[in-house]
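One structure below.
Each chain gets a letter, A, B and so on, in the order its sequence line appears, and its residues count up from 1.
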Number of protein chains: 2
Amino acid sequence: MQEANDEGRVKSGARAGDGRKPRADAIRNRERVLEAAKAVFSQGGPAASLEGVARQAGVGIGTLYRHFPTREALFEAVYRREVEQLVELVQALKAEASPAEALRLWLRANVAFVATKKGMLAALALATQKNPDLMAYSSDRLTQAVGELLARGAAAGEIRDDIGPEDVLRALIGMCYAQDRPDWQDSVLRLIDVFVDGLRLRGQPPG
Amino acid sequence: MQEANDEGRVKSGARAGDGRKPRADAIRNRERVLEAAKAVFSQGGPAASLEGVARQAGVGIGTLYRHFPTREALFEAVYRREVEQLVELVQALKAEASPAEALRLWLRANVAFVATKKGMLAALALATQKNPDLMAYSSDRLTQAVGELLARGAAAGEIRDDIGPEDVLRALIGMCYAQDRPDWQDSVLRLIDVFVDGLRLRGQPPG
DNA sequence: TTGCAAACGGAGGCACCCTCCATATTCTAA
DNA sequence: TTAGAATATGGAGGGTGCCTCCGTTTGCAA
């Protein structure tokens with residue numbers, strides 16, 4: 001009768017309403033399933049077999065379903081995680097590269113993401129249709145992340161300050177949208193270089 | 001030259017290599033399956049049951065598979081047809097409305113399309129991933145169609161001539177991309193009105 | 001009419017979906 | 001350390017959908 005949990009939205013994971021900590025094996029298995037799901041969805045798209053995911057994760061199908069009661073829940077968890085990784089990449093790049101270069105590398109990483117995870121994109125189309133919040137959430141997170149890169153560049157006088165993060169994301173989406181030919185990646189990578197060059201301020205500060 | 005019968009690449013239907021005409025019942029059933037598939041995919045998305053399609057079409061599952069050997073083939077046929085209808089709508093609107101108004105109505109029709117056929121969008125994401133030609137084909141057809149509307153408006157001095165059909169389509173896609181809230185349709189319809197107003201030339205010709 | 005190629009429909013074998021519960025594992029408190 | 005409670009596991013099972021195969025039906029030409 002306790003257990004009204006089911007959490008704000010996220011199910012299945014850590015303690016929330018009830019102050020209890022999940023068991024160690026539960027955490028481990030949850031992780032395994034997520035890892036396997038990432039691979040399987042990337043490869044096979046949104047209709048990929050969940051039993052296949054469980055097999056690859058080395059857990060029973062029942063375990064998979066306890067952690068993620070629906071296909072959408074599983075996909076959503078995988079996707080949120082990917083978004084989080086892209087956000088973290090921003091932090092890492094800030095430490096390693098000049099502002100403009102960091103932006104360029106981050107955009108390139110996104111292209112790689114799209115290219116590697118083809119199936120995930122189709123799955124995303126399905127998932128956002130059933131749960132619009134997911135799109136809103138990821139847009140916010142990514143906008144904020146790009147915003148940091150831009151602000152840093154602007155502060156350093158390396159990048160113009162009249163282009164907002166939404167514009168950059170929209171450009172990225174637009175460029176990745178037309179996956180009409182086998183060599184679309186090359187094309188988009190070139191476009192990104194051009195785009196970042198366009199964002200650069202010409203009169204460079206010392207350094 | 002009437003008809004050229006649809007077949008650009010499409011398999012399954014009419015004569016091609018062999019000069020034989022398909023049987024009447026074959027044509028009829030093919031049509032029924034397409035109609036049913038449109039409804040079922042729109043409602044249920046790309047994973048919808050093909051046996052369900054066959055049931056709704058009133059044909060056996062074997063018949064469905066003879067006409068469309070794979071799920072993708074079926075979806076592709078449905079989608080090509082939808083694109084064709086949007087193209088035909090352009091012709092109809094040219095006869096019925098002023099250039100700018102025709103453009104406005106056509107864009108609105110696209111929003112309705114997206115709204116009604118939610119499932120089709122997810123299916124499209126899947127299908128284009130497996131067959132990039134499909135995207136290229138539909139882009140071309142739609143670009144050409146919008147191009148006609150724009151050219152007509154420009155010729156009549158109603159619409160500016162420095163915006164190309166690709167720009168208009170990109171704007172449309174961009175506006176429909178953010179289906180993040182239940183009332184996204186209202187928002188997009190407003191944006192379309194604004195957009196078309198923006199395309200209008202101020203000094204209007206007589207009429 | 002008749003003959004036959006073309007088309008039909010659905011049975012059958014297999015994979016996957018998801019639920020349920022007997023069993024196994026982890027945690028806690030003594 | 002250990003026992004018992006709480007929690008988690010895994011896979012059997014009933015149902016649905018996928019797709020192939022083939023005996024039967026139908027349209028069409030002669």
Side-chain angles (χ1 to χ4, degrees), chain A residues 1-7 11-34 36-37 40-41 43-75 77 119 123 126-127 130, chain B residues 11-34 36-37 40-41 43-75 119 123 126-127 130:
Chain A
M1 49 169 63
Q2 75 276 52
E3 167 134 56
N5 60 10
D6 162 41
E7 332 296 73
K11 311 114 200 306
S12 108
R15 67 252 172 77
D18 57 334
R20 210 175 283 278
K21 206 168 48 173
R23 258 168 52 173
D25 53 347
I27 294 178
R28 175 166 29 82
N29 282 332
R30 186 187 151 87
E31 207 59 24
R32 283 186 184 171
V33 169
L34 280 175
V40 171
F41 280 139
Q43 236 260 309
S49 158
L50 295 190
E51 298 199 326
V53 172
R55 267 196 300 277
Q56 178 151 345
V59 307
I61 184 66
T63 298
L64 183 151
Y65 273 97
R66 171 149 349 78
H67 285 294
F68 308 98
T70 66
R71 179 180 290 271
E72 285 73 34
L74 174 55
F75 177 77
L126 245 195
K130 297 199 177 174
Chain B
K11 333 126 195 291
S12 109
R15 66 251 171 77
D18 59 335
R20 210 177 283 278
K21 204 168 55 174
R23 258 168 51 172
D25 53 347
I27 294 178
R28 176 166 28 84
N29 282 333
R30 186 187 151 87
E31 206 59 22
R32 282 186 185 170
V33 169
L34 280 175
V40 172
F41 280 139
Q43 237 261 308
S49 157
L50 295 191
E51 299 200 323
V53 172
R55 267 196 300 276
Q56 176 152 345
V59 306
I61 185 67
T63 298
L64 183 151
Y65 273 97
R66 174 151 347 82
H67 284 294
F68 308 98
T70 67
R71 179 180 290 272
E72 286 72 34
L74 174 56
F75 177 76
L126 245 196
K130 297 199 176 174

Please give, in whole Å, the distance from [N] [atom2] to [X] [atom1]?
X: I61(A); N: dG10(D); atom1: CD1; atom2: P; result: 11 Å
X: R55(A); N: dC17(C); atom1: CZ; atom2: C1'; result: 12 Å
X: N29(B); N: dT26(D); atom1: CG; atom2: P; result: 12 Å
X: R32(A); N: dA8(D); atom1: CZ; atom2: P; result: 16 Å
X: I27(B); N: dC28(D); atom1: CD1; atom2: P; result: 9 Å
X: L64(B); N: dG9(C); atom1: CG; atom2: P; result: 11 Å
X: R71(A); N: dC16(C); atom1: CZ; atom2: C1'; result: 9 Å
X: L74(A); N: dC17(C); atom1: CG; atom2: C1'; result: 14 Å

> How would you label the contact of T63(A) with the nucleic acid (heavy atoms, under 4.0 Å): base, sugar-phosphate, or nothing?
Replying inline: base

> Between dA8(D), dC17(C), dT26(C), which nucleotide has the shortest distance from any of its atoms to the side chain of A24(A)?
Replying inline: dT26(C)

> Between A26(B) and E51(A), which has a closest nucleotide on DNA chain C that is more 5'?
Replying inline: A26(B)

>> Let me spell it out: for each of G62(A) and R28(A), pick the nucleotide of DNA chain C with the closest heavy atom. Which residue's pick is nearer the 5' end?
In response: G62(A)

> Any N or O donor-acceptor pair linking the side chain of R66(B) to the base of dA7(C) at under 3.5 Å?
Replying inline: no

